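Structure record follows, encoded as structure tokens.
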Amino acid sequence: MGVDLSDIVEDCSKEISLNNIKGKKVAIDAYNAIYQFLAAIRQADGTPLMDKQGRSTSHLSGIFYRTINLVENGIIPIYVFDGKPPEEKTQEIQRRIKIKEEAEEKYNQAKEQGEIKSMKKYAQMSSRLTNNIATESKELLINMGIPIVNAPSEGEAEAAYLSQKDYAWASASQDYDSLLFGARRLIRNLTMTGKRKLPNKDQYVDIVPEIIEFDSLLHKLGITREQLIDIGILIGTDYNPEGIKGIGPKTALKIIKKYGDIEKAIGKEIDEKEILFDYKQIRQLFLNPKVIDPKTSLELKEPDEEKIKRILIDCHDFSEERVVNAVGRLQKAIKSSKNLERQTGLDRWF
DNA sequence: CGACTACA
DNA sequence: TGTAGTCGG
């Protein structure tokens, strides 16, 4: 689940109103978003939304409606899809597969005992983002007129690159990895709806979008990007999920600030024998990830209403009324988004 | 998760 | 007009 920087980042994380993102392009980590939909859009017993053929449609519902909401709010989403993960991620990918298999097992047990709550919990944990789900999601987005980018490798890295090169104003993900990849801004909780249920509790909390600005984060912590990466490596990243035993975010920050980098802390607060990974190589994965330059500006396009209807209504049994209504909202929203862009573009000349 | 409905 | 509850696929 990426690098857990929450403890050292939270002081720098500021609430942001959707109004402040109006007219801006946001590179969305598509896998992160789709995974949330797959996990969350389910019935009480954990059954996902399905068409008549029993194929899951949770991802389509989630992408469709959330994207329209974003565009209605003047935000221009750019969905960034993962490519081939680096070799170094293999171990973490295997670990995740194992967790899902175990969750499936527990789901079956809960099902036998008719424990609805557990069924949902383990169904959520075992949700998988298949190639087919990614392909279907891309097809829907393209027909909605939403720009997508196929990352050559890590989506988070590509999203960070897009923000560095000004193809996007910010990147959006629940994970902090794009900060290690150098994203200029990271938006978390990029969603409209406020109240969310706390896991396992009958309590509700307000979920609001928040932003972390890369430069102010580094300034506030008094470190460089290289040092932030070293901190991440000590805590544990997708390339070394185990991190270093006994070192959490707070300790990692303290160590790196005191010694400067991992090398200089070895033999002091870090026992060399505890480093069971090639930290220099992992550093390079974050500093020089494989990315592509899209070369062309990423813009909204006119949606293809007929194609969207064919996908959602004909193929996946969505309600015609709902889809037609939503497509109408989307068309209108894209038009005003174009107007907004034209106006702010003109403003620069006056 | 987000749309939509029911109800104060 | 706001929100708790349920449905969607």
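Per chain, numbering begins at 1; letters A, B, ... match sequence-line order. In this text the structure is predicted, and so the values were computed from the model without any measurement.
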Taken to the nearest whole Å, CZ/A/F37 to C1'/B/dA3 is 14 Å
In short, ring pair (Phe, Tyr, Trp, His ring centres under 6.0 Å) pairs touching residues 80-126 of chain A with sequence neighbours left out are none
### Message
So that I can tick it off, tell me whether A/E269 and A/K258 are bridged by a salt bridge, with the cut-off set at under 4.0 angstrom between side-chain N and carboxylate O.
### Response
yes
Whole-Å distance, A/Y65 OH to B/dG2 P, equals 12 Å
A/F318 CZ to C/dG9 P, in whole Å, measures 6 Å
Side-chain atoms of A/T191 come closest, of C/dG8, B/dG2, B/dA3, to B/dG2
Atom CD of A/E321 and atom P of B/dT5 are separated, to the nearest Å, by 8 Å
Of the listed B/dC1, B/dG2, C/dG9, the closest approach to the A/A40 side chain comes from B/dC1
Whole-Å distance, A/I207 CD1 to B/dG2 P, equals 11 Å
Reckon A/Q36 touches a base, only the sugar-phosphate, or nothing at all at heavy-atom distances under 4.0 Å?
nothing
When rounded to whole Å, the CG to P distance for the pair A/D45 and C/dC7 reads 13 Å
Linking I/L/V/M/F/W/Y whenever their side-chain heavy atoms sit closer than 4.5 Å, directly or via other members, would A/L217 and A/L186 fall into one cluster?
-> yes
Checklist line | Residue-phosphate contact under 4.0 Å: A/R322 side-chain N/O, B/dA3 OP1/OP2 | finding: no
Q.
Over all strands shown, is A/R66 touching base, sugar-phosphate only, or nothing at heavy-atom distances under 4.0 angstrom?
A. sugar-phosphate
Check your understanding: So, are A/E92 and A/R96 salt-bridged, with charged N and O less than 4.0 Å apart?
Key -> yes
To the nearest angstrom, the CG-P distance between A/L60 and B/dG2 comes to 15 Å
Presence of salt bridge, A/E263 and A/R283, under 4.0 angstrom | yes
Check: For C/dG8, does OP1 or OP2 lie under 4.0 Å from any side-chain N or O of A/T57?
Finding: no
A/N189 atom CG is separated from B/dC1 atom P, nearest whole Å, by 10 Å
Taking B/dC4, B/dA3, B/dC1 as options, the one with an atom nearest any side-chain atom of A/N325 is B/dC4
Tell me what A/S58 touches on the nucleic acid: a base, only sugar-phosphate, or nothing, going by heavy atoms under 4.0 Å. nothing
